[in-house]
Undergrad: 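One structure follows; several queries about it will come next.
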Amino acid sequence: MSSIIDRFRLDGKVAVVTGAARGLGQGMALALAEAGADIVAVDILPADDTVKQVQALGRRAVAVAGNLGDRAAIPVVIAQARTHFDHLDILVNCAGIIRRADFLEFSEKDWDDVMGINIDAVFFMSQCFVRDVVARGGKGKIINIASMLSFQGALASRRTPVRKARSRV
């Protein structure tokens, strides 16, 4: 008789995990590997530690370097993943960045960088992944992860008081 855990096995599956060099992304990569998946660890940072830990679990793993803030890099990342594995089954969008600055000083470049990774890369990675899955006539799963930092916001730092706006109607 098989256990309920056996129903969650990912043997034979390949998972692409963005932001896999550390933090939540690394944790997701390791958890998927423990469940039996092989891993493509995508990050702008070196993901060699993640690859070693996945391999220590007996799974295949490869690091693919990519700046997901550059939309042109996204199809390259998927193409590189496909040079190592003949199919991709799971995409975990976990890459994310934060820039801390006073609201009034937050630059357009900071905004573009944060939105480029946290929003645009999720959409375009998903789109590129699904194109690959559809082209091979397969099935795939997408998991989008956000840090709890996504729930923290501030209009200003402690040194800049926030004043209530008053209606002049």
Undergrad: Given the rule in the side chain to side chain contact (heavy atoms under 4.5 Å, CB included) test, do Lys13 and His87 qualify, once you have shown the distances and angles that lead to the verdict?
TA: CA-CA 8 Å; Lys13 304 293 184 189; His87 65 281; 5.6 Å; no
Undergrad: For Ile142, check side chain to side chain contact (heavy atoms under 4.5 Å, CB included) against everything at least two apart and list the hits.
TA: Leu91, Asn93, Ser126, Phe129, Val130, Asn144
Undergrad: What's the spacing between Asp110 CG and Glu105 CD if we round to 0.5 Å?
TA: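 With rounding to 0.5 Å, CG (Asp110) is 11.0 Å from CD (Glu105).
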Undergrad: Quick check on the hydrophobic clustering: are Leu68 and Val122 connected, directly or via other members, by side-chain heavy-atom contacts under 4.5 Å?
TA: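 In one cluster with Leu68: Val122, no.
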Undergrad: Would you say Arg131 and Val133 make side-chain contact, with heavy atoms under 4.5 Å?
TA: no
Undergrad: Check whether more than 12 heavy atoms from other residues, nucleotides or ligands sit under 6.0 Å from atom CZ of Arg22, and answer yes or no.
TA: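 At most 12 heavy atoms, drawn from other residues, nucleotides or ligands, come within 6.0 Å of this atom.
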Undergrad: List for me each residue that meets side chain to side chain contact (heavy atoms under 4.5 Å, CB included) alongside Ile5, sequence neighbours excluded, and say none if there are none.
TA: Ser3
Undergrad: Please determine whether residues Ile117 and Trp111 belong to a single hydrophobic cluster, defined as Ile, Leu, Val, Met, Phe, Trp and Tyr linked transitively by side-chain heavy-atom distances below 4.5 Å.
TA: yes
Undergrad: Is any side-chain heavy atom of Val14 closer than 4.5 Å to a side-chain heavy atom of Ile90?
TA: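 A side-chain contact under 4.5 Å is absent here.
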Undergrad: Is Asp113 paired with Lys109 through a side-chain N to carboxylate O contact shorter than 4.0 Å?
TA: yes
Undergrad: Using every non-hydrogen atom in the two residues, find where Ala95 and Asn118 come nearest and quote the distance to one decimal.
TA: O-OD1, 4.3 Å
Undergrad: Heavy atoms, side chains only, cut-off 4.5 Å: are Val40 and Val17 in contact?
TA: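 No. Closest side-chain heavy atoms not under 4.5 Å.
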Undergrad: Please collect all salt bridge (Lys or Arg N to Asp or Glu O under 4.0 Å) contacts where either partner lies in residues 61-79, sequence neighbours excluded, each pair once.
TA: Arg71-Asp120
Undergrad: How close do Phe85 and Val62 get, heavy atom to heavy atom, and via which atoms?
TA: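 Where Phe85 meets Val62 most closely, the heavy atoms are CE1-CG1, 3.7 Å.
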Undergrad: Do Asp132 and Arg82 meet the salt-bridge criterion of a basic N to acidic O distance under 4.0 Å?
TA: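 Yes, this pair counts.
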Undergrad: Would you give the length of the straight line joining atom CZ of Arg100 to atom CZ of Phe106, rounded to the nearest 0.5 angstrom?
TA: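 One gets 10.5 Å once the value is rounded to the nearest 0.5 Å.
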Undergrad: Apply side chain to side chain contact (heavy atoms under 4.5 Å, CB included) to Glu34 and list each qualifying residue two or more places apart in sequence or on a separate chain.
TA: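 For Glu34, the residues satisfying side chain to side chain contact (heavy atoms under 4.5 Å, CB included) (neighbours in sequence not counted) are Leu57.
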Undergrad: What pairs of residues pass the salt bridge (Lys or Arg N to Asp or Glu O under 4.0 Å) test when at least one of them lies in residues 49-69, not counting sequence neighbours?
TA: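 The answer is Asp38-Arg59, Asp38-Arg60.
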Undergrad: Hydrophobic cluster membership, with links at side-chain heavy-atom distances under 4.5 Å among I/L/V/M/F/W/Y: are Val114 and Ile98 in one?
TA: no
Undergrad: Clusters formed by hydrophobic residues whose side-chain heavy atoms approach within less than 4.5 Å: which one holds Ile44, and what are its other members?
TA: Leu45
Undergrad: Are Val92 and Ile119 connected, step by step, through hydrophobic side chains (Ile, Leu, Val, Met, Phe, Trp, Tyr) whose heavy atoms are closer than 4.5 Å?
TA: no
Undergrad: Find out whether Asp43 and Thr18 are in side-chain contact, i.e. whether some heavy atom of one side chain is under 4.5 Å from a heavy atom of the other.
TA: no
Undergrad: Are Leu88 and Ile145 connected in a single hydrophobic cluster, I mean Ile/Leu/Val/Met/Phe/Trp/Tyr linked by side-chain heavy atoms less than 4.5 Å apart?
TA: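 The answer is no; the residues belong to distinct hydrophobic clusters.
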Undergrad: Check this for me: does any side-chain nitrogen of one of Asp89 and Arg136 sit under 4.0 Å from a carboxylate oxygen of the other?
TA: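 Looking at Asp89 and Arg136, the cut-off is met.
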